Participant: 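My questions all concern the structure below.
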Amino acid sequence: MEFLTIIQILDSSLRLGTPLLLTCLAGLFSERAGIFDIGLEGKMLMAAFSAAAIAAISGSAWIGLLAGIGSSVIFSGLHGLASITFRGNQLISGVAINFLAAGITVLIAQDIFQQGGRTPSLQEASRFGPIDFPLTNVIAPIPILGPIYSELLSGHSILVYVALLAVPGTWWVLFRTKFGLRLRAVGENPSAVDTAGINVAHLRYAAVMICGVFCGIAGAYLATGLQAGFVKDMTAGRGFIALAALIFAKWRPWQALWACLLFGFLQAVALRYQNIDFGAFVVPVQLMDVLPYLLTVIILAGFVGKAVPPRAGGEPYIKER
Amino acid sequence: MEKMPHWADVILIPLISLILAALLSALVILAIGEDPILAAKLMIEGSLGSTYGWGYTLYYATNFVFTGLAVSVAFHAKLFNIGGEGQAMLGGLGVALTCLLVPWPHWSMALLAAIVTSLAFGALWAAIPAFLQAKRGSHVVITTIMFNFIAAGFLNYVLVNLLRPAGSMDPATARFPQSVHLPTLHELLLPLNIPFSKATPANISFLVALAACFLVWHLIWRTRIGYEIRAYGHSETGAIYAGISPYKIIMIAMLISGGLAGLMAINNVMGEAERLVLNATEGAGFIGIAVALMGRSHPFGVFLAAVLFGFLYQGGAELALWTSIPRELIVVIQALVILFTGALDNMVRMPLERLFRATRQHQAE
């Protein structure tokens with residue numbers, strides 16, 4: 001295989017891994033605070049639609065991004081209302097949010113644009129264009145280093161770099177700030193946090209809102225960065241792959257980066273080659289598609305190191321008990 | 001003392017949730033510039049106004065009875081089986097193999113065999129997540145979600161590479177032989193001189209669904225294992241103290257749940273399509289969640305909720321045909337029902353409990 005081909009596949013892995021990474025970090029905040037979130041998919045879808053629709057109308061990708069984040073945060077608020085305030089079942093709330101997004105996006109898209117539940121194709125100005133690093137022309141001819149710099153690292157949309165920077169950012173917030181310590185504590189032992197005089201509900205709402213912001217960026221990137229517009233069900237299970245990556249990473253930010261790049265790589269390979277012929281045997285494209293889920297089940301089963309979720313995850317906190 | 005009377009819990013709360021979901025849906029229809037009352041009329045006429053409409057309503061309802069029962073049985077053991085979709089896909093594979101590999105002389109034998117294989121395939125697909133939950137503590141919700149995607153990929157592979165007839169581009173099996181054609185409601189009602197539309201897919205599986213309702217009711221409330229499942233669902237520590245093995249309960253509840261989801265395939269694969277196509281389940285596995293929540297995990301409630309959703313599905317299809325309201329409206333309604341009957345249950349329940357407490361104190365004075 002040629003070196004340039006490898007660079008191209010890695011480049012595409014980074015692109016495809018970005019929405020996974022942003023959504024995975026979204027889930028990380030929520031689940032570390034003890035709120036399970038299987039509605040990541042729905043929030044991303046809602047954000048993808050809002051970002052594309054508003055970008056198409058306003059002509060600005062940035063206003064689209066704000067709309068995407070806004071709509072995703074509203075859905076987060078709904079999840080918070082159900083699972084924190086009304087102490088409902090977080091999993092059922094997540095399922096409801098996924099369906100709500102799947103239905104309402106098509107309904108509104110059809111109402112506004114009349115194009116069969118999609119937004120119009122976005123023009124250049126209403127998308128996040130590539131950002132070229134300085135001196136790419138000078139460095140490009142250098143063997144090995146040149147292509148890595150000019151092809152792989154340079155030339156992505158700004159949201160890709162935002163996602164990459166969010167990894168150390170998340171690590172710092174969670175493990176080096178007072179807020180992060182409390183957030184993790186509330187996911188492990190909320191009554192201890194309560195005893196210390198800190199409001200459990202406020203902390204959990206904060207985590208759920210951060211989750212909404214990240215899902216919003218992920219959706220906006222999907223519709224206005226990676227692709228040019230919204231189509232029905234365009235997240236196509238990415239929210240669940242991100243959830244898988246979160247478990248794969250055992251709820252830790254740096255590991256989340258590697259897991260998402262790995263799953264992005266699998267998607268890139270499946271996209272480029274249909275069936276992979278190794279001569280002796282053929283790997284069918286369907287296997288590449290399900291590999292993230294298979295790997296996650298294996299990790300969950302605890303055969304390769306155990307994935308232990310935050311201890312208070314999924315349980316509403318009741319003060320009086 | 002009970003917080004509120006039993007009837008309020010099983011009738012009033014679902015009813016209020018349903019009204020809330022309906023009101024919000026009406027607002028959504030208003031917001032996209034259509035008339036909600038006209039829409040409701042169209043839906044009722046299209047799904048209940050003719051035997052044609054009823055045929056489709058009951059066909060969809062049959063699917064939802066199976067998936068709704070599947071979710072309910074798991075709920076009784078406090079397990080949330082989101083994997084109905086994948087289990088129903090595998091059930092479809094079981095039905096397809098049964099119908100294609102064996103030259104059945106009569107449909108009744110084929111149906112019996114298909115019931116067994118679809119149950120077995122669905123149960124098998126639930127067995128791995130069940131085992132991982134019971135033995136390794138892997139959360140069954142996550143593993144069943146993953147298994148839905150794995151099932152879709154697996155079925156895609158089997159249909160494209162193994163079961164697709166030579167020369168066909170369509171990722172689907174060959175058509176099943178005429179001998180395994182299940183009698184439709186039209187054919188069943190003909191000897192009784194009851195006219196029923198010929199063009200609808202409702203078939204004898206509807207009766208199997210009714211039988212399944214009864215059997216599940218019997219299992220949960222009239223057998224020892226059903227008692228153990230409920231005891232475990234009520235209190236795990238209490239059940240263990242009473243000598244009930246969690247491993248056994250998780251396995252049995254999930255196997256029955258997966259089997260019931262798989263059983264749906266006799267309706268949609270054998271009864272309607274008469275071949276296995278990609279995405280044959282069309283989300284029915286997920287609607288089972290809404291149906292189980294709405295029906296309060298009781299087979300009778302599940303049946304009513306399944307008919308309600310059958311009505312919504314057929315009505316929604318009619319709506320998409322005659323107005324500019326897309327079919328996705330039913331997905332929104334479904335989401336609202338899940339939201340209000342499931343996640344926001346306490347929002348309806350808390351004020352009601354307060355109301356009942358207040359009236360009771362008032363009476364005592």
Side-chain angles (χ1 to χ4, degrees), chain A residues 36 38 42 78-79 81-83 85-111 114 116-117 232 237 240-241 243-244 247 284-294 296-297 299-303 306-309 313-314 316, chain B residues 28-29 31-34 80 82 128-129 131-133 135-139 141-143 145-158 160-161 283 286-287 289-290 293 324-350:
Chain A
F36 278 163
I38 57 175
L78 188 63
H79 189 53
L81 188 73
S83 45
T85 305
F86 287 112
R87 304 196 294 252
N89 187 319
Q90 298 165 10
L91 301 164
I92 292 174
S93 166
V95 171
I97 281 171
N98 287 337
F99 283 125
L100 199 56
I104 208 99
T105 49
V106 177
L107 226 58
I108 303 177
Q110 177 63 19
D111 187 46
Q114 313 278 340
K232 177 182 167 180
F240 292 107
I241 298 187
L243 195 66
I247 296 161
V285 63
Q286 292 92 347
L287 183 64
M288 303 296 293
D289 288 338
V290 303
L291 213 49
Y293 308 112
L294 270 177
T296 303
V297 170
I299 283 282
L300 266 177
F303 296 123
K306 194 141 180 67
V308 183
Chain B
V28 170
I29 298 175
I32 59 173
E34 298 275 342
F80 189 9
I82 305 194
I128 306 165
F131 178 81
L132 292 177
Q133 168 81 60
K135 279 284 161 181
R136 322 275 315 186
S138 331
H139 205 301
V141 171
I142 305 292
T143 43
I145 291 177
M146 302 296 145
F147 265 69
N148 282 339
F149 288 103
I150 298 171
F154 175 64
L155 213 63
N156 189 320
Y157 176 79
V158 169
V160 170
N161 297 10
F286 296 116
I287 294 162
I289 300 167
L293 286 169
S324 61
I325 304 174
R327 250 198 116 157
E328 275 71 19
L329 177 68
I330 14 176
V331 182
V332 174
I333 299 179
Q334 175 192 341
L336 292 172
V337 168
I338 296 178
L339 197 65
F340 284 114
T341 56
L344 288 174
D345 186 56
N346 277 335
M347 190 179 83
V348 180
R349 187 178 294 270
M350 284 170 176

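A note on names: the letters A, B, ... follow the listed sequences, proteins ahead of strands, and every chain is numbered from 1. Bear in mind that the values here come from a model prediction, so they are computed numbers and not experimental data.
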Participant: Less than 4.5 Å apart, any side-chain heavy atom of B:Glu328 and any of A:Lys232?
Facilitator: yes
Participant: Could you tell me if the side chain of B:Phe147 sits less than 4.5 Å from the side chain of A:Val297, heavy atoms only?
Facilitator: yes
Participant: Quick check on B:Val337 against chain A: is it the side chain, the backbone, both or neither that has a heavy atom closer than 4.5 Å?
Facilitator: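 Neither the backbone nor the side chain of B:Val337 comes within 4.5 Å of chain A.
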Participant: Which pair of non-hydrogen atoms, one from A:Phe86 and one from B:Asn346, has the smallest distance, and what is that distance?
Facilitator: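 In terms of heavy atoms, the two residues are closest at O-ND2, 2.7 Å.
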Participant: For chain A, find which of B:Met350, B:Gln334, B:Gln133 contributes the most heavy-atom pairs closer than 4.5 angstrom.
Facilitator: B:Gln334
Participant: Check the angle between the aromatic planes of A:Tyr293 and B:Phe149 and answer parallel, tilted or perpendicular using the 30° and 60° thresholds.
Facilitator: parallel
Participant: Less than 4.5 Å to any heavy atom of chain A: does that hold for the side chain of B:Ile128, its backbone, both, or neither?
Facilitator: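 B:Ile128 has no heavy atom closer than 4.5 Å to chain A.
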Participant: Please look at B:Ala290 and chain A and tell me whether the side chain, the backbone, both or neither of the residue comes under 4.5 angstrom of a heavy atom of that chain.
Facilitator: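 Contact with chain A: none, neither part.
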Participant: Can you tell me how far apart CG (B:Leu336) and CD1 (A:Ile104) are? Round to the nearest 0.5 Å.
Facilitator: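 Rounded to the nearest 0.5 Å, the CG-CD1 separation comes out at 7.5 Å.
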Participant: With a 4.5 Å heavy-atom cut-off, do A:Ile247 and B:His139 have their side chains touching?
Facilitator: no
Participant: Applying side chain to side chain contact (heavy atoms under 4.5 Å, CB included), run through B:Ile82 and A:Ile38 and close with a yes or a no.
Facilitator: CA-CA 11 Å; B:Ile82 305 194; A:Ile38 57 175; 3.7 Å; yes
Participant: Enter the distance from B:Leu339:CG to A:His79:NE2 here, rounded to the nearest 0.5 Å.
Facilitator: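 Interatomic distance, B:Leu339 CG to A:His79 NE2, rounded to 0.5 Å: 11.0 Å.
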Participant: When rounded to the nearest 0.5 angstrom, what distance separates OG1 in A:Thr296 from CD1 in B:Ile145?
Facilitator: 11.0 Å
Participant: Looking at CD1 of B:Ile150 and CG of A:Leu287, how far apart are the two atoms once the value is rounded to the nearest 0.5 Å?
Facilitator: 10.0 Å
Participant: How long is the straight-line distance from CG of A:Leu107 back to CG of B:Leu329, given to the nearest 0.5 Å?
Facilitator: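 Result: 5.5 Å between the selected atoms.
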Participant: Atom OG of B:Ser324 and atom CG of A:Asp111: how far apart are they, to the nearest 0.5 Å?
Facilitator: 7.5 Å
Participant: On a heavy-atom basis, which atom in B:Arg136 and which in A:Ala301 lie closest, and how many Å separate them?
Facilitator: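 Taking B:Arg136 first and A:Ala301 second, the nearest heavy atoms are NE-O, 2.7 Å.
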Participant: What's the shortest heavy-atom distance between A:Ala96 and B:Ile338, and which atoms?
Facilitator: CB-CG2, 3.8 Å
Participant: With a 4.5 angstrom heavy-atom cut-off, is it the side chain or the backbone of B:Asp345 that approaches chain A, or both, or neither?
Facilitator: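 B:Asp345 has no heavy atom closer than 4.5 Å to chain A.
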Participant: If you count heavy-atom pairs under 4.5 Å between each of A:Gly103, A:Gly94, A:Gly88 and chain B, which one has the most?
Facilitator: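 Option with the top pair count is A:Gly103.
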Participant: Identify which part of B:Leu293 has an atom lying under 4.5 Å from any heavy atom of chain A, answering side chain, backbone, both or neither.
Facilitator: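 Contact with chain A: side chain only.
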Participant: Just wondering, do A:Val106 and B:Val331 contact through their side chains at under 4.5 Å, heavy atoms?
Facilitator: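 Answer no - side chains too far apart.
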